[in-house]
Amino acid sequence: MSPTGKHEHLISGTRVRPAADRISQSAATARSARALAMLLFASGVAGGATIEHTTGQATDLRTGRLLYEEQHWIRTTGSERTRLVVYRCPDGRAFARKRVIDTALPGAPVFEFDDARDGYREGVDGASGTRRAYWRASAFSPLRERTVVVGSDTVIDAGFDDWVRERWNSLADGSPSRAQFVVPSRGAQVPIRVQRVDAPGAGLVRFRLSLDSWLDFVAPSMQITYDASTRRLRTFEGIGTIRGPNGTPLKVRIDFPRASQRADSSRSAYEAALKMPLVARCE
């Protein structure tokens with residue numbers, strides 16, 4: 001939904017009116033945890049719009065091997081903010097893309113994610129009080145859908161970052177906070193708990209994100225580290241957005257630079273990222 005209140009659907013980088021409702025039936029606990037991994041951030045100005053840009057490197061949490069890169073853009077025009085993430089193979093070719101548009105509910109944007117390697121797709125669309133969540137396991141699987149009700153404690157995708165910023169002082173002081181995270185592949189809201197833990201170094205603030213239920217005993221938690229002064233995301237550790245060859249979510253560490261990257265933070269680079277062809281496999 002745009003800030004004007006008009007509901008728009010995200011398909012192939014263009015806005016169109018939403019068609020049918022979409023979403024998933026239930027999914028494995030691993031998918032629930034995977035969907036908690038949300039990132040973005042950076043800086044630059046172009047053509048009347050502010051375009052922020054940064055690149056994160058995702059490495060295997062166990063071996064440190066580079067798995068893929070995430071290129072993030074945030075484009076702000078007036079009161080509208082659109083986020084774009086392009087996922088690239090180690091050789092630089094793009095294989096997946098995600099687009100996020102803020103809504104009137106802080107922390108609960110609409111989004112669409114597509115992975116060209118197997119046709120995996122998921123997203124959330126709709127008006128402020130209700131959303132249509134959808135999910136497809138592969139290009140050969142049916143698109144599943146369900147309606148979910150969202151409220152002030154609902155978090156969707158990259159909205160997690162806004163949710164943290166709104167509660168920064170309380171969280172940084174050590175007080176835990178709870179929310180309901182929408183997981184498209186389950187068609188439900190999963191309770192999460194966020195609390196500050198020891199940071200790996202000076203000038204950093206680290207939070208532990210976990211499922212706020214008995215599932216926490218079987219689902220791994222996430223460690224999310226921010227720069228204390230800028231409140232920018234620096235490191236994510238846990239189950240990420242991208243899946244491995246067998247469809248299992250990858251356990252990754254994603255590192256973002258301390259400062260914003262200005263290279264390619266232009267309108268032309270942003271538009272090119274929206275239209276960039278996605279490859280079916282990484283070599």
* Asked: Is M276 reachable from I51 through a run of I, L, V, M, F, W or Y residues, each pair having side-chain heavy atoms under 4.5 Å apart?
  -> yes
* Lys/Arg N to Asp/Glu carboxylate O, E237 vs R253, below 4.0 Å -> yes
* Check the pair D227, S229 against side-chain hydrogen bond (donor to acceptor under 3.5 Å, both in side chains), reporting the backbone distance first and the verdict last. => CA-CA 6 Å; D227 185 292; S229 59; 2.6 Å; yes
* To do: Taking the side chain as every heavy atom from C-beta outward, state whether V205 and R196 have any atom pair closer than 4.5 Å.
  => yes
* **R165 with D161: basic N within carboxylate O range, under 4.0 Å** => yes
* **Residue list, side-chain hydrogen bond (donor to acceptor under 3.5 Å, both in side chains) with Q223, at least two apart or on another chain** => none
* To do: Return yes if some donor-acceptor pair links the side-chain N/O of R136 with the main-chain N/O of S138 below 3.5 Å, else return no.
  => yes
* Flag the pair Y226 / T235 as yes when at least one side-chain heavy-atom distance between them is below 4.5 Å, and no otherwise. => no
* **Pair Y270 + H53: ring centers closer than 6.0 Å** => no
* So, are E271 and R75 salt-bridged, with charged N and O less than 4.0 Å apart? -> yes
* To do: Answer yes or no: is there a donor N or O on one side and an acceptor on the other, between the side chain of T154 and the main chain of G151, under 3.5 Å?
  => yes
* Please confirm whether the backbone N or O of A116 pairs with a side-chain atom of R97, one donor and one acceptor, at under 3.5 Å? => no
* Asked: Can we say K98 and D157 salt-bridge, meaning some charged N sits less than 4.0 Å from an Asp/Glu carboxylate O?
  -> yes
* Asked: So, the side chain of Q195 versus the backbone of G174: is there a donor-acceptor pair under 3.5 Å, distance only?
  -> yes
* Asked: Transitively linked via ILVMFWY side-chain contacts under 4.5 Å: W168 with L233?
  -> yes
* Taking side chain as C-beta onward, heavy atoms only, is R83 less than 4.5 Å from F111? -> no
* Asked: Can we say R243 and D118 salt-bridge, meaning some charged N sits less than 4.0 Å from an Asp/Glu carboxylate O?
  -> yes
* To do: Considering only NZ, NE, NH1 and NH2 on the basic side and carboxylate oxygens on the acidic side, decide whether D212 and R178 come within less than 4.0 Å.
  => yes
* Asked: Under the 3.5 angstrom rule, does the side chain of R117 hit a backbone N or O of P245 as a donor-acceptor pair?
  -> no
* To do: Check whether any side-chain N or O of S221 sits under 3.5 Å from a backbone N or O of R208 as a donor-acceptor pair, and report yes or no.
  => no
* Asked: Using 30° and 60° as the class limits, which term best fits the ring planes of F95 and Y87: parallel, tilted or perpendicular?
  -> tilted
* Could you tell me whether the side chain of P90 reaches within less than 4.5 Å of the side chain of L67, counting heavy atoms only? => no
* Would you say the side-chain atoms of E122 pair up with the backbone N or O of D114, donor to acceptor, closer than 3.5 Å? -> no
* Asked: Are the side chains of Q57 and E70 in touch, meaning some heavy atoms are under 4.5 Å apart?
  -> no
* Structure fact -> When rounded to the nearest 0.5 Å, the distance separating CH2 of W163 from OG of S177 is 3.5 Å
* **Side-chain touch T82/W73, heavy atoms, less than 4.5 angstrom** => no
* Please tell me if the side chains of T50 and R81 come closer than 4.5 Å, counting only heavy atoms from C-beta onward. => no
* Asked: Are F160 and F207 close enough that their ring centres sit under 6.0 Å apart?
  -> no
* Asked: If two hydrophobic side chains count as joined below 4.5 Å and joins carry through other members, does F236 share a cluster with L204?
  -> no
* Within-4.5 Å side-chain heavy-atom neighbours: F181 and D153 -> no
* Asked: Linking I/L/V/M/F/W/Y whenever their side-chain heavy atoms sit closer than 4.5 Å, directly or via other members, would Y68 and V279 fall into one cluster?
  -> yes
